[in-house]
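First comes the structure, then the notes that go with it.
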Amino acid sequence: MTTATATTPPRPGFKLDSLTQRYLFLILLIVIASVGFGIANENFYSLANIGILLRSIAVLFLLSMGMTFIMLTGGIDLSVGSNVAFSGGVGVVALTATGSAPIGFAAAVAAGMAIGAINGVFIGRLRLSAFMVTLATYALARGMALVIYNADSINVSDAAFLWLGGVSWGNMPVVIPFVALVFVALSVLLYKSTFGRDVYAAGSNINTAFVLGRRPERTLFWVYVLSGALAGLSAIITVGRVSSGQPWAGLYLEFDAITAVILGGTSLFGGRGRLLGTILGVLLYGIIINGLVLTGTNPYLQSLIKGMILLGVVLLDTLVQRRNAQ
């Protein structure tokens, strides 16, 4: 005679997915970093410094959101920093020639989109390596910026052109509500449209996307054009912040954007990530850099810390990818 062994059914409950866990961890790190830098320097919590922090990361927010779309497809864009300098130069020259701020705005965004379109054609249509193509346009855009500026800055005094990057409502830079609106618009595009589904499909398995008729080459083209448009907007903000166009504007911003996006949970290998994570990644990264500056950390040491953060998040993403593949 055998006795049946009663088994205890699993208790009902819920389990957070890996991205949600990442976001909670990022929020915890943001709190820890804020408390730590606040203890190190009481000015960290001042309204003036918070305004400086928000203004300094506004451009990184825009570039990182564009980078998120690209990395969701499994790509990368090394040209965005140089594109900020190039499109800013085109916008300033157009403003100087016409005296019209709207024409200057349109020229900056169009120039940024042109660099994005070049990337999109070679990567999406011709199926060339995103790393090699954007490395080439990184040099191309920076070279054209140096030619436009003749390796010197161009002062800008047009109040309308400087408004977005230079004006604040109290201690709140007007660019922050603008960035929030862009975030909402891009969230709708990514999560509520066919284009957004195609972005994830291209990153998950591009060959399957071809078989299913998703037209991934078209999707790749447009994500790079989108990144270029955001670089053009970033250029307008950058010019507004310093009241001049600079040939070396945007230097190394591509690495900052890549770091923030991976930190926010978007995979280097595509198909996984959300814009919310990118926002948290940018905020944490910006707090760290702002805190290092405020505490008087050696600029060379700041570069070392940036490199260590990038190496760390790449290693973390690789480990997560391997665990998910098992």
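Computed from a prediction, not measured in an experiment: that's the story for all the values here.
Met308 and Val282 fall within a single hydrophobic cluster, where Ile, Leu, Val, Met, Phe, Trp and Tyr side chains are chained together by heavy-atom contacts under 4.5 Å. Linking ILVMFWY side-chain heavy atoms closer than 4.5 Å, directly or via other members, places Val175 and Trp169 in a single hydrophobic cluster. Hydrophobic clustering places Phe25 together with Ile262 (ILVMFWY residues linked when any side-chain heavy atoms are closer than 4.5 Å, directly or through intermediates). Taken together through direct or relayed side-chain contacts under 4.5 Å among Ile, Leu, Val, Met, Phe, Trp and Tyr, Ile236 and Trp248 form parts of separate hydrophobic clusters. Ile57 and Met172 fall within a single hydrophobic cluster, where Ile, Leu, Val, Met, Phe, Trp and Tyr side chains are chained together by heavy-atom contacts under 4.5 Å.
Shortest non-hydrogen contact noted between Gly75 and Ala130 is CA-CB, 4.2 Å. Here the closest heavy-atom approach between residue Phe37 and residue Leu292 is recorded as CE2-N, 3.9 Å. Shortest non-hydrogen contact noted between Ile115 and Ser79 is CG2-OG, 4.1 Å. Nearest heavy-atom pair, Ala85 versus Pro247, reported as atom, atom and distance to 0.1 Å: CB-O, 3.5 Å. When all heavy atoms are compared, the tightest approach of Ala260 to Ser64 is CB-OG, 4.0 Å. Residues Gly281 and Leu26 come closest through the heavy atom pair N-CD1, 4.3 Å.
Side-chain contact check for Leu233 versus Phe178: some heavy-atom pair is nearer than 4.5 Å. Side-chain atoms of Leu304 and Asn298, non-hydrogen and from C-beta on, never get closer than 4.5 Å to each other. Counting heavy atoms from C-beta on, the side chains of Leu95 and Phe105 never come closer than 4.5 Å. Contact annotation: the side chain of Val121 never approaches that of Tyr224 to less than 4.5 Å [non-hydrogen atoms, C-beta and beyond]. Within the 4.5 Å cutoff, side-chain heavy atoms of Ile50 are placed close to those of Leu54. Between Thr68 and Leu186, every side-chain heavy-atom pair lies at or beyond the 4.5 Å cut-off. Put simply, the side chain of Met144 does not reach to within 4.5 Å of the side chain of Val90, judged on heavy atoms. Side-chain contact between Thr266 and Met67: absent, with no pair of heavy atoms (C-beta onward) separated by less than 4.5 Å.
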Side chain to side chain contact (heavy atoms under 4.5 Å, CB included) evaluation trace for Asn43 with Asn49:
CA-CA 7 Å; Asn43 291 326; Asn49 184 61; 5.6 Å; no
Determine, stepwise, if the pair Ile289 / Ile305 fulfils side chain to side chain contact (heavy atoms under 4.5 Å, CB included).
CA-CA 9 Å; Ile289 301 306; Ile305 293 172; 6.0 Å; no
Could you walk me through whether Leu253 and Val80 satisfy the side chain to side chain contact (heavy atoms under 4.5 Å, CB included) test, starting with their C-alpha distance in whole Å, then the side-chain angles of each, then the deciding distance to 0.1 Å, before giving a yes or no?
CA-CA 7 Å; Leu253 271 179; Val80 290; 5.6 Å; no
Stepwise side chain to side chain contact (heavy atoms under 4.5 Å, CB included) check, Glu254 with Tyr138:
CA-CA 9 Å; Glu254 59 277 355; Tyr138 161 89; 3.3 Å; yes
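Within a 6.0 Å radius of CD in Gln302, more than 12 heavy atoms belonging to other residues, nucleotides or ligands are found. Tyr45 OH: more than 12 foreign heavy atoms inside a 6.0 Å radius. Within 6.0 Å of atom OH in Tyr191, more than 12 heavy atoms from other residues, nucleotides or ligands are found, so the atom counts as buried in its surroundings. Other residues, nucleotides and ligands contribute at most 12 non-hydrogen atoms within 6.0 Å of the CZ atom of Phe122.
Here Gln246 contributes atom CD and Thr238 contributes atom OG1; the two are 10.0 Å apart, rounded to the nearest 0.5 Å. Remark: Thr137 OG1 to Asp77 CG distance equals 6.0 Å, nearest 0.5 Å. The distance from atom CG of Asp256 to atom CD1 of Ile309, rounded to the nearest 0.5 Å, is 9.5 Å. With values rounded to the nearest 0.5 angstrom, Thr278 atom OG1 is found 9.0 Å from Phe183 atom CZ. Taken from OG1 in Thr20 to OH in Tyr23, the straight-line distance is 7.0 Å, to the nearest 0.5 Å. Atom OG1 of residue Thr98 and atom CD1 of residue Ile103 lie 4.0 Å apart, to the nearest 0.5 angstrom.
A side-chain donor-acceptor contact under 3.5 Å links Arg22 to the backbone of Leu263. Here the side chain of Arg55 pairs no donor or acceptor atom with the backbone of Val174 at under 3.5 angstrom. With Ser193 contributing its side chain and Leu190 its backbone, the two residues share no donor-acceptor pair below 3.5 Å.
Considering only residues two or more places apart in sequence or on other chains, Tyr285 meets the ring-ring contact (aromatic ring centres under 6.0 Å, His included) condition with none of them. Taking Arg274 as the reference, Asp17 meet the salt bridge (Lys or Arg N to Asp or Glu O under 4.0 Å) condition, with sequence neighbours excluded.
Among residue pairs with one or both ends in residues 150-160, none qualify as side chain to side chain donor-acceptor pair (under 3.5 Å); sequence neighbours excluded.
Test Leu283, Leu29, Ile287 against Ser34 for side chain to side chain contact (heavy atoms under 4.5 Å, CB included) and you get one pass: Ile287.
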